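First the structure, in the form of structure tokens, and then the observations on it.
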Amino acid sequence: MNRNDATVRIGMVAYINTAPIHTIWRERHYPAEWQMIEDHPAALNEQLAAGDIDLGFCSSHEYGIRPDRYRILGDLSISANGPVGSVFLFSRVKPEKLAGETVLLSAQSKTSVCLVRIVLEKFYRVQPVYCCGEVASARQLGAKGILAIGDDALRLKLEGSYQYCVDLGEAWQQETGLPFVFAVCAVRDEFCRTQPELVARVHRALVDCRDEGLRQLDRICRLAAPRIPMEVDSCHSYLQAIHYDLDEAKQRALATFYRALVDFGEASEAALPLKIHPLHHDIRGAFDE
Ligand SMILES: C=C(O[C@@H]1C=C(C(=O)O)C=C[C@H]1O)C(=O)O
């Protein structure tokens, strides 16, 4: 097998928030050995931790709990600077009245599960009782609040059946003045050491797809909106509010989030300082001529 044929298993979040990157990726014919695994974030976290995926998008929480195993690929994330539009605490009562009430946490999330705890326990100063499961089981469990993320959250918001909706990206920004990084693109440290060139090429390809996807956002929204289904214009506003880079403010935001996780006993102190693997600008993308 020549070096360029080596297999790489790449995790991609199966929500429309990755449509700008994912749509372009599927349209370009990358080598068959560059395998894309599409799933919800919690499943991708597990596969990355088990070594079943080599690199890809995962909850930023995953890097925070196992920082020794990964590096963060520079210039990539799924973030928002203010309202994100798809990570909500839906509630039947005012959030400040959730003390002692059941809050259902989406089993698809890890980052937002911690973020909702920060928002409720530190910002609103209430202590609910948490349970974890499918968003659809909320009524059955008698939950007064639900944390939903991704496509489920977009659909629940459109249904409008909860009186109160707290956008967690907005709540975080109001309190900290910072953006929030929901997902990072992590690479297994061992894979990075054994396949540095392959990592550089895939990293560059993901960034190229992101840049092209953002240039073609109108067309991407026409393709993605029916999957919810939602209006194309709303899809456009939604995807425009998502940031896919990891600039200096987002790195500070990630560090702030990890410090809060360390306080909660959730993350390792070794999460800081962040280990960011830079994008190699001298690597030509497969579509540069
Ligand atoms: C913005 C979102 O961020 C997602 C939230 C994640 C989490 O809570 O663990 C992980 C990946 C992101 O895709 C979303 O779900 O809409």
Side-chain angles (χ1 to χ4, degrees), residues 10-22 37-49 53 55-66 70 72-73 76-90 103-120 130 132-135 146-158 165-173 179-186 206 210 213 224-225 227-228 230 234-235 237-246 250 253-254 257-258 260-261 264 266-267:
I10 305 159
M12 180 62 71
V13 174
Y15 297 153
I16 71 163
N17 62 26
T18 55
I21 305 171
H22 198 182
I37 291 100
E38 299 156 26
D39 217 323
H40 62 73
L44 294 177
N45 301 338
E46 279 177 22
Q47 292 176 65
L48 201 57
I53 287 178
L55 64 87
F57 289 94
C58 63
S59 300
S60 39
H61 174 271
E62 177 60 25
Y63 177 85
I65 60 169
R66 282 180 266 267
Y70 309 117
I72 296 173
L73 292 181
L76 287 171
S77 78
I78 301 174
S79 306
N81 191 12
V84 58
S86 60
V87 179
F88 288 106
L89 169 69
F90 294 98
V103 171
L104 174 68
L105 304 172
S106 165
Q108 300 190 0
S109 161
K110 284 291 181 197
T111 302
S112 308
V113 159
C114 294
L115 181 56
V116 80
R117 284 191 58 196
I118 294 172
V119 169
L120 285 174
Y130 301 107
C132 184
E134 284 307 311
V135 164
I146 306 186
L147 163 75
I149 70 165
D151 296 3
D152 278 348
L154 287 169
R155 292 188 188 105
L156 266 185
K157 184 78 170 62
L158 284 168
C165 308
V166 180
D167 183 307
L168 297 190
E170 185 175 23
W172 169 268
Q173 206 246 12
F180 190 79
V181 180
F182 292 92
V184 294
C185 193
L206 287 166
R210 184 268 318 270
R227 282 171 45 193
I228 300 302
M230 70 198 294
S234 316
C235 184
S237 317
Y238 168 54
L239 292 180
Q240 227 168 15
I242 307 248
H243 296 208
Y244 300 94
D245 67 319
L246 191 59
K250 292 184 189 78
L254 202 49
F257 177 57
Y258 289 150
L261 291 192
F264 268 130
E266 270 279 338

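Along the sequence shown, residues are numbered consecutively beginning with 1. Numbering of ligands and ligand atoms starts at 1, following listing order. Note that this is a predicted model, so its numbers are computed, not measured.
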Checklist entry - If you measure from CD on Glu134 to CD on Gln108, what distance do you get to the nearest 0.5 Å? => result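 Result: 6.0 Å between the selected atoms.
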Checklist entry - Say you draw a straight line from OH of Tyr130 to CZ of Arg117; how long is it, rounded to the nearest 0.5 Å? => result 6.0 Å
Item to check | Residue contacts for ligand 1, heavy atom to ligand atom, distance under 4.0 Å | outcome: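 Residue list for ligand 1: Val13, Tyr15, Asn17, Pro41, Ser59, Ile78, Val84, Ser86, Val87, Ser109, Lys110, Thr111, Ser112, Ile149, Gly150, Phe182, Ala183, Tyr238.
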Checklist entry - Phe90: what forms a ring-ring contact (aromatic ring centres under 6.0 Å, His included) with it, not counting sequence neighbours? => result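 Listed in chain order: Phe88, Tyr162.
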Checklist outcome for this item: Residues at least two apart in sequence or cross-chain that pass side chain to side chain contact (heavy atoms under 4.5 Å, CB included) with Ala171, listed by chain then number, are Val119, Val166
Next on the checklist: Run the side chain to side chain contact (heavy atoms under 4.5 Å, CB included) test against Gln240 and tell me which residues pass, sequence neighbours left out.
Outcome noted: Leu217, His236
Checklist entry - What class does the angle between the rings of Phe180 and Trp172 fall in, given that below 30° is parallel, 30 to 60° is tilted and above 60° is perpendicular? => result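 The rings of Phe180 and Trp172 stand perpendicular, inter-plane angle above 60°.
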